[in-house]
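A short write-up of the structure that comes next.
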2 protein chains.
Amino acid sequence: MDNPAILEQPYITITNIIWSFDRETDQLQVLLVKRASNPYADYWALPETFMRAQESADEAALRLVKEKIGLTLSNYHTEQLATFTHNDRAPGERALSLAYMTFLPEMPPLKAGYGALDAHWFTFSATEAGQFSLTYRQLHFMTATSHSQHSYYKNFKIARGRDYLAFDHDWILKVACQRIKNKLNYQPNILLVLGHDFTLKEARTVYAAFFGIPVKAIDNSNFKKTHQHLFKEVGTTTRRQIGRPAKLYKLAQIEE
Amino acid sequence: MDNPAILEQPYITITNIIWSFDRETDQLQVLLVKRASNPYADYWALPETFMRAQESADEAALRLVKEKIGLTLSNYHTEQLATFTHNDRAPGERALSLAYMTFLPEMPPLKAGYGALDAHWFTFSATEAGQFSLTYRQLHFMTATSHSQHSYYKNFKIARGRDYLAFDHDWILKVACQRIKNKLNYQPNILLVLGHDFTLKEARTVYAAFFGIPVKAIDNSNFKKTHQHLFKEVGTTTRRQIGRPAKLYKLAQIEE
DNA sequence: TTTATTAAAGTATTAATTACTTATATTAGT
DNA sequence: ACTAATATAAGTAATTAATACTTTAATAAA
């Protein structure tokens with residue numbers, strides 16, 4: 001091709017933001033692992049892996065899911081988020097990160113495995129002002145507060161404490177939250193964390209989580225009117241509960 | 001990190017879709033080059049380069065612009081599109097493509113250079129049905145017609161004639177057109193091909209090009225009402241022309 | 001059977017979009 | 001200098017969509 005001056009190829013890392021939904025607490029969850037080795041040993045981070053010769057990046061992202069939760073799940077949706085290439089994003093080495101998002105239809109138990117010291121589901125929450133955070137017991141991580149990529153990496157070189165995620169993962173998470181929020185009105189794939197079908201209230205719960213508002217702040221009747229073109233009715237819930245049974249919907253279109 | 005089983009790293013290619021606007025014909029332009037070397041020697045393709053050790057992918061994308069048009073332009077906007085990683089996208093080798101888009105504020109003359117046999121601005125056009133194509137003299141290339149990534153690559157292995165672009169560049173272009181079209185209503189960065197400021201009519205010309213409809217099909221008054229929150233008034237045009245002088249606008253927000 | 005609960009369905013108001021009309025600022029021709 | 005032609009800004013009425021709120025319906029438990 002153009003120019004043979006490839007001095008050295010950077011490492012290609014696949015980073016996957018794995019989402020699920022806890023039906024006990026009605027809260028969104030994100031999978032974080034505690035890194036075993038440098039750089040950022042002992043830091044919490046998004047699950048990562050190196051790409052292998054015979055697999056595509058999409059396949060590598062799926063492999064990450066399998067490594068952390070086992071092979072039990074049969075259907076989940078993975079989509080590309082963006083690629084992060086800033087020179088300083090990994091200390092002392094050059095590493096590209098192809099970031100993906102996976103939406104799991106349930107919240108399976110985790111195993112650290114493959115060199116990670118620990119793995120946990122962190123509870124996702126947001127403020128009305130647009131800040132996002134992940135919490136597990138006393139551990140609490142904020143996504144980046146910078147508005148632009150440029151301003152984020154400008155201050156990135158400084159040493160970061162243990163209250164930060166490894167690498168630029170706080171920025172990657174911010175980009176992910178932003179993307180999901182943007183797509184809520186035309187392609188809310190995040191709803192796949194609710195499984196194959198869902199009630200309008202469950203859908204509103206997910207929406208409310210991203211806006212940092214209570215579910216009841218979103219009117220069910222109006223929500224149906226403005227979003228029903230995205231959903232397809234597939235029956236009525238059979239789950240025994242008090243009150244009128246809710247109708248079930250699924251996403252009308254999963255494709256890009 | 002997780003696993004040392006990296007057999008071999010794939011090539012990392014930067015692909016850049018460079019857009020401009022021809023004020024003579026009021027048509028959008030895309031830069032294509034004729035490849036000098038294999039794979040796909042003699043095929044027309046999007047400009048590509050390998051990433052170098054000391055530059056970020058963003059910088060490599062900008063370098064591509066400089067190589068093709070020289071160093072004359074001072075301001076242009078580049079943004080990431082997506083990363084293409086399918087196993088079969090390059091014959092006999094493994095190559096990732098980090099795809100970018102650059103919007104040039106004018107339409108400078110081109111030089112092939114850096115191993116390309118030829119380089120030209122191709123006129124972009126679309127149909128109302130959502131098909132896109134690039135034309136230069138008797139050369140005519142369609143973007144992919146597949147609706148999904150999966151269906152595109154399913155039929156990709158078959159030998160492709162010279163009426164196709166190299167690699168999966170027809171698919172990359174399709175994704176680009178789709179992305180630009182989606183962003184017209186909230187972040188129309190494509191308007192940067194019009195330069196720092198533009199009239200509403202010029203903006204409508206660009207919109208109409210992506211919808212495959214004539215400019216006059218978009219009402220100027222209504223367009224202003226629905227889009228003025230994206231624009232900021234910066235004066236009145238000084239270009240001598242018949243009729244009432246148009247007001248000038250610029251994009252209110254360039255940032256992601 | 002009654003009450004509490006939950007969600008669906010309906011209604012009236014408000015806001016946004018669309019189609020269309022009028023007014024204004026300029027150039028070119030007489 | 002006046003008039004016609006042109007191009008765009010600005011305004012208006014009708015339609016459509018979004019929002020706030022109310023009523024109806026289906027279930028579980030007392």
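All chains are named by letter (A, B, ...) in the order of the sequence lines, taking the proteins before the strands, and each is independently numbered beginning at 1.
- A salt bridge is defined here as a Lys NZ or Arg NE, NH1 or NH2 lying under 4.0 Å from an Asp or Glu carboxylate O, and A:Glu79 with A:Lys183 meets this definition.
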How does each nucleotide of nucleotides 5-10 of chain C score, in 5' to 3' order, for protein heavy atoms under 4.0 Å: base (B), sugar-phosphate only (S), or none (-)? BBBSBB
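- When ring centroids are compared, A:Trp44 and A:Tyr136 stay outside the 6.0 Å threshold.
- If you take NZ of B:Lys216 and P of C:dC20, they are 15 Å apart, rounded to a whole angstrom.
- B:Phe223 has its CZ atom 18 Å from the P atom of C:dA16, to the nearest Å.
- Checked against the 6.0 Å centroid criterion, the rings of B:Phe141 and B:His169 do not qualify as a close aromatic pair.
- Nucleotide C:dA19 holds its C1' atom 15 Å from the CD1 atom of B:Ile218, rounded to whole Å.
- Within a 6.0 Å radius of CZ in A:Phe156, other residues, nucleotides and ligands contribute more than 12 heavy atoms.
- Judged as a side-chain contact (heavy atoms from CB on, under 4.5 Å), and not counting sequence neighbours, A:Thr226 has no contacts.
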